Structures are given as structure tokens and as C-alpha cells.
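For reference, the structure is listed below as C-alpha cells.
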Number of protein chains: 2
Amino acid sequence: MTTLKELAALLNISVSTVSKALNDSHEISENTRVRVKELATKLNYKPNRIAQQLKTNKTKTIGVILPTVTNPFFAEVLHGIEMAAANNDYDIIVCLSNETLHKEKRSLELLSNGSVDGFIMAVAREGQVKMQTEHIQTVIDRKIPVLMFDRVVNEINCDKVIVDDFQSVYEATEYLIKKEKRKNILLVSNIEELSVGKLRIEGYSKALKEHNLNPNILKLDNAIDLDIETKTYNYLKKHKHIDAVISIDHVTGIVAINMAKKIGKKIPEELSVLGFGYEHTQLLSSPKISIIHQKAHKIGEMSIELLIDNMKNNEHKLQTIVVPSEVKLSESTK
Amino acid sequence: MTTLKELAALLNISVSTVSKALNDSHEISENTRVRVKELATKLNYKPNRIAQQLKTNKTKTIGVILPTVTNPFFAEVLHGIEMAAANNDYDIIVCLSNETLHKEKRSLELLSNGSVDGFIMAVAREGQVKMQTEHIQTVIDRKIPVLMFDRVVNEINCDKVIVDDFQSVYEATEYLIKKEKRKNILLVSNIEELSVGKLRIEGYSKALKEHNLNPNILKLDNAIDLDIETKTYNYLKKHKHIDAVISIDHVTGIVAINMAKKIGKKIPEELSVLGFGYEHTQLLSSPKISIIHQKAHKIGEMSIELLIDNMKNNEHKLQTIVVPSEVKLSESTK
DNA sequence: TTGTAAGCGTTATCAT
DNA sequence: ATGATAACGCTTACAA
């Protein structure tokens, strides 16, 4: 790799002159500026980023710690983060906690050694269940900015970008009650132990209470694949009076549709199904599921913007931004 | 952040002594070694990675360039990459090309300045269509190791990790012909311009030819959402004799099932459906689709292993590894 | 307008 | 056993 030193030697001028010339310093004469730049392009000179980082004590890199990336919500957030970061000339280092505390901890520790200028993270399931968060506070105490999105720790004081979990489910439930006149609404949950899951369930409960309806909640307890189907099938078979389903994740809603059809329920006439969804969710269900579409891409973008403001702006004030979701009704229920 | 210098000052010894003590040099006395380490842990000293990188000219970081991460295949590969990288004490910088050439180019250029020790990439759709690949060769010429996975450029000589696209579809098609006695097999494609798409279609064509059957190919031409449904619906409606569908991506197979049911076809009796799939694909379809399951996670792991060997091992030989897929038949067709 | 030199935090060589 | 010094590649005050 070509270095400033090499350029300087070839041109018989000093390193600092070369540096200044390349950075368009006014101190440098037109003539040498051109000579330097020509040789630089000819030799394909690129400043060594590591050296620049050491000098400036800025990495222009953001650490992104996600619980997983196979969940389409996080994939889409990551997409938003990457795009926005690139637009601001930031790189991102991605770490996956796999929902475990030890991996999340390890990643934070490893990257806190000057590898990144700040962090964007959604906390791991394990940390949220066990309520262990000191490792995050430690990073903040070291004056490294941290931003949390989606899954958030209330006790920690930092920038946050969250979804309107409570409000969106509250409104969706109300819609089912008031507009669609549903009276026996089942909530299906596979994420009840997450902060977002709790909020969604609260939104549902509040709407039901306000209309004097009884809650029906099917907690799948972090089940996988066939278990999800069996439990849903059995529940719907046993409780024939259910006339609407709200799924609070992106999978169980489609499963509910499939199971209901198997039982012979007419959708949406006899059963209205609403779930959380992403890019292809509606395409994959038939009849179409109605979805609460979290603006995951937007969440990613906002996270970058806010974190960068925190890193650059001395008067930055910590804040929590709520990104509203968008309800997409299926054609059939519109 | 605590530095060696600070430790040295506090202990009234030289920087180099501190450095050696922390690195367990035999030159240092038991006594000072302990003193240094105690103070280091007390002040939570962590060596500055940037400085180490500058010194050693190794970043222990790998650049990962993906076309997208909302496609579950790439998400799962990324997961495998991240896990394997972490196990080998490597960080990954993730860039998304969004299937565009200019973003892919930009990312390669930006990271080629000493930011990473090597690259893992799947080329963007645009580059594959336009057959533009010089930017990749440029990186290789600079002696930065590059590994390609899945979508691969034959003309470029580098490590490759690929899927058995041709073979898996060939065998799946043969299975439909020989075991299930299907005679009118439709191939649905939304990725015919990608290297992998071409190979899959070839596998299909070869199997048909060997059994003297006529190919039926529905090219969706990179269509989105409702278009996919409409085109599939119309085709199946018009060509009632179709008795099997092979989808060569992870979406159109499920859509085919839904559309066929709409038309009134019995699945799998009248129509057998087979597609490419990932974690939740089968869960989302009803009746269950049979899937060719690409070992995406494995592809990610292998890519890291191979690239690291390339970076560390002087006698490394460039190679192409084929990761076999696994066919998961739906319960109903087993 | 150009050059010298210090410094970012490490590691490594060579004295002491 | 410990320390002084140079070096990685760059930026930047300060001198010339």
C-alpha cells in the first residue's frame, strides 16, 4: 500500500506537504497540489484509515449489537442502519448476541477499546429476563454513547428509539371491537417475556377492559415450529367462540390462519386475523392477514441519526423517539 | 481511556516495562508483573485496538458485503459468518450493496484502505447482470484476500463457497418425475438472471430432458408482491395440466400453494410443490411445502474458515467448496 | 509556500 | 530486570 512517505520521497518533498496537498490546504501552491494529486491517483494512494483513526481518536465506526438477524424485524432494522450509516460515512461492526447475555457482554467489552465511536443495540432476551444490565451501564460510564432500540431497559439513561407497542396493539384491538364487532379476541404470544411483548399485551388488555370483554391469551412460551401449530390448533378447536386473533409476532398470525382454515373456519367472516408483519408477511398468507407494520427501516435510520447527533453535538440531550407503526388491513377486511 | 503511559506514570516505571508485564514477558520480574496487572485491572485498562492495528498491520476484521439482509438466506449466512468470526476473534464490518454496483464498489474501495484484512462477499445482482467485476479484481490485485459465496463470478480466481444449485434442483426434479410420477412440472423463477438461478434452471432442464419431458418455465422477471401472485395464479389457471411446481426461491413456492388452493387444486395429490426454504418456510405454508434447504449457516461458517486460512496460511491454495443442500419433504408427500 | 517535529498508543529492538 | 528509542501512517502546530 502506498503511503504518504513514499509519495513524498518520489516527489522530493516533505510528508507534511504531501498531506496538506491531498487535503486541499490553502497553504499549498497550485502547482505542487496538482503534482501530488496526480502521483497519488497514479499510484492509487488511499490514506490508511487505521492511522487516521489513531490520530483523530475517531473511528467513524458504530458497533451494532443485535439479538439475531434471522428475525425479519431485526434484518430490516439492520438494513436501515447500514444505509443511514453509509450516508453519513460511517461503517458498522455487527455483533449478534444470539439472545445470550455472555455474547452481548463480550461484544460490548471487545468493542469498547476504541474500536467504535458508539453503540446501537437491542438487548438480548436473556438480559431482559434476568434484568442484568450493568455491562451496558459500564459502557455508558466510559463516555461511549449507547442507543437502544425496540427492546429497551428503562433503568438505563440513554437515547432510545422504540415502537409504539402499547398504542398500536391498543388501537388494533379497539378496531376489532368497534369496527368489526368482535367480542372474543384471542391474543397469541410467543414473546411475552420481552419488554415489547409485555407492552403489546397491555395494549390489548386495556382495550378489552374498556369494553368489558374478557381477555383470552395463548402464551406459547417461546415454542418452536410444530409446537406453535399444535398449540394454536388445539386452542382454536377447543374455543370455537373465538372470532378474532391478534398475534404479537410475525409468525403466529399466519399459523393461526392456516390452523383456522384446517378447522373449517371462514376467514375473515368467522375469524379476523391480525398480526405483526414485515416485507413479505402478507404475501405469504392466504387469505391475507392484516398486519401492524413496524417501520423497521425507519427505526434503523432514526437510530443512526440520533446516535450521530449524540456523538457530534455537545449539547445533545438524551431522548426517546417513538416510531409509529402503520396498520395494513388485508383487502378482505377493508 | 487508560493508556500504557498513564499506568507507567502511576507506577513510576517505563512504558515498555508496563507493556511487557501485561504481555507476560519473561523479562519482567514476578513482582512488577503483579503490580502492573493489579493496577491495570483496577483502572480497567484495555489495550487500544486501533494502536495495535497500526503497529501490527492486522485489523482482525473482515469486511462482509451482502446484496441484502432481508432475504432470509443472506440473513442466515450472516449469522453463520458472525458466529464463526467471533469464535476466531474476528470482527465483521457489514456492508449492504442493495444489489447495486455502485454501493458494492464504494464499500470495497472504502474498506480496502487497511480497514479489513479480507472480504467475504456475494456479488450484487447489477454486477452479475452487467458482468462488471473489475472492482473486485482490483482488490485481489492489492493482495487483499476475497472470498465469494453463493453468487459467484467464474472469471475471478479466488476462494469460493457455493451451493449445489445445479445438482439439488436436478435431483429434486428427478424425484418428482420418478417417485411421484409427475409429468408436467412447472418451474417458477424470480431470479433467472443470477448465476444461481441459471444453474437451478439448468438442473431442472437436464432432468426433464433425460425423461423426455417438456419444460414449463414461468419467469417472473424480478416481480414484486401482488404481481407474483397474479402471474402465478393466471399461469396455473390457464395450464390446468401442471401437476408439480418447483420454485427456485423462498417465496414463490408458498405463493404457488396459496394460488393453487384458490383455484381448487388438491395439494399434494393434484399438485406437488417444492421450493427453496429457510428457517420458517415450512411453518408458514399449509399444506406444507417441500423444501430444498440450503445450509446457509454452514456456508457462512465455511466462508470464514476458508478466508482465515487464506489470510494466515502462506501455502493456502484457492479452492471452491460446495455445500450440499438438504431436501426436506413435507409430511404429506413423504 | 514548504518543512520540521511532535504525537496518537502500541510493540519491539537494543542498551543499560 | 528495566528503560530509552524507533517505528507503524497520519495530522498539525510551529518554524523557516
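Everything quoted here is computed from the prediction, not taken from an experiment. Lettering of chains follows the sequences in order, A, B, ..., and the numbering in each one begins at 1.
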Is a salt bridge present between B:D117 and B:K312, judged by a nitrogen-to-oxygen distance below 4.0 Å? no

Please report, rounded to the nearest Å, how far the C1' atom of D:dA7 is from the CG atom of B:L54. 9 Å

With respect to the phosphate group of C:dG9, does any side-chain polar atom (N or O) of B:S19 fall under 4.0 Å of OP1 or OP2? no

Measure the shortest side-chain to side-chain distance between A:T61 and A:I92 over non-hydrogen atoms and say whether it is less than 4.5 angstrom. no

In whole angstroms, the gap separating C1' of D:dG3 from CD1 of B:I28 amounts to 10 Å

Quick one: label B:I13 by what it contacts on the DNA or RNA (base, sugar-phosphate, nothing), any heavy atom closer than 4.0 Å. sugar-phosphate

Distance test, side-chain N/O of A:Q52 to OP1/OP2 of D:dT11, below 4.0 Å: yes

Output the rounded distance in Å from CG (A:L22) to P (C:dT1). 17 Å

Look at B:T17 and D:dA1 and indicate whether a side-chain polar atom (N or O) is within less than 4.0 Å of OP1 or OP2. no

Short side-chain N/O contact from B:Y45 to OP1 or OP2 of C:dT10, under 4.0 Å: yes

Could you give the CG-to-P distance, from A:N23 to D:dT12, as a whole number of Å? 8 Å

Under a 4.0 Å N-O cut-off, is there an ion pair linking B:E104 with B:R125? no

Provide, to the nearest angstrom, the distance between the CG atom belonging to B:N113 and the C1' atom belonging to D:dC10. 13 Å

Closest to the 5' end of DNA chain D, once A:I50 and B:N12 are matched to their nearest nucleotides, is B:N12

Any salt bridge linking B:R106 with B:E109? Criterion: basic side-chain nitrogen under 4.0 Å from a carboxylate oxygen. no

Nearest 0.5 Å, what's the CG-CZ distance between B:L111 and A:R49? 7.0 Å

Measure CD/B:E6 against C1'/C:dT10 and give the value in whole Å, please. 14 Å

At 4.0 Å (heavy atoms only), tell me whether B:S29 reaches a base, stays on the sugar-phosphate, or touches nothing. sugar-phosphate

Atom pairs under 3.5 Å: protein N/O with N/O of nucleotides 14-16 of chain D:
none

Check the distance between D:dT12's C1' and A:K58's NZ and give it to me in whole angstrom. 17 Å

OP1 or OP2 of D:dT2 sitting under 4.0 Å from any side-chain N/O of B:T32? yes

Of the candidate nucleotides D:dG9, D:dT2, C:dT10, which contains the atom at the shortest distance from the side chain of A:K55? D:dG9

Want to settle it: does B:N57 or B:S25 sit nearer the 5' end of DNA chain D, counting the closest nucleotide to each? B:S25

Are the charged groups of B:D309 and B:K317 less than 4.0 angstrom apart, N to O? no

Assign A:T3 to base, sugar-phosphate, or nothing according to its heavy-atom contacts below 4.0 angstrom with the strands shown. sugar-phosphate

OP1 or OP2 of C:dG7 less than 4.0 angstrom from a side-chain nitrogen or oxygen of B:K5, does that happen here? no

Tell me whether the side-chain N or O atoms of B:S14 pair up with the base of D:dA4 as donor and acceptor below 3.5 Å, since no angle test is needed here. no

If I take atom CE in residue B:M1 and atom P in nucleotide C:dG9, what distance separates them, rounded to the nearest angstrom? 8 Å

Decide side-chain contact (heavy atoms from CB on, under 4.5 Å) for A:Q137 and A:E155; before the verdict, give the C-alpha distance in whole Å, the side-chain angles of both, and the deciding distance to 0.1 Å. CA-CA 10 Å; A:Q137 189 59 51; A:E155 290 67 35; over 6 Å; no

Looking at B:E193 and B:K130, is there a salt bridge between them, counting it only when a charged N and a carboxylate O are closer than 4.0 Å? no

Can you find a side chain N or O atom of A:N48 that sits less than 4.0 Å from OP1 or OP2 on D:dC8? no

Ranking B:S16 and A:S16 by the position along DNA chain C of their nearest nucleotide, the one closer to 5' is A:S16

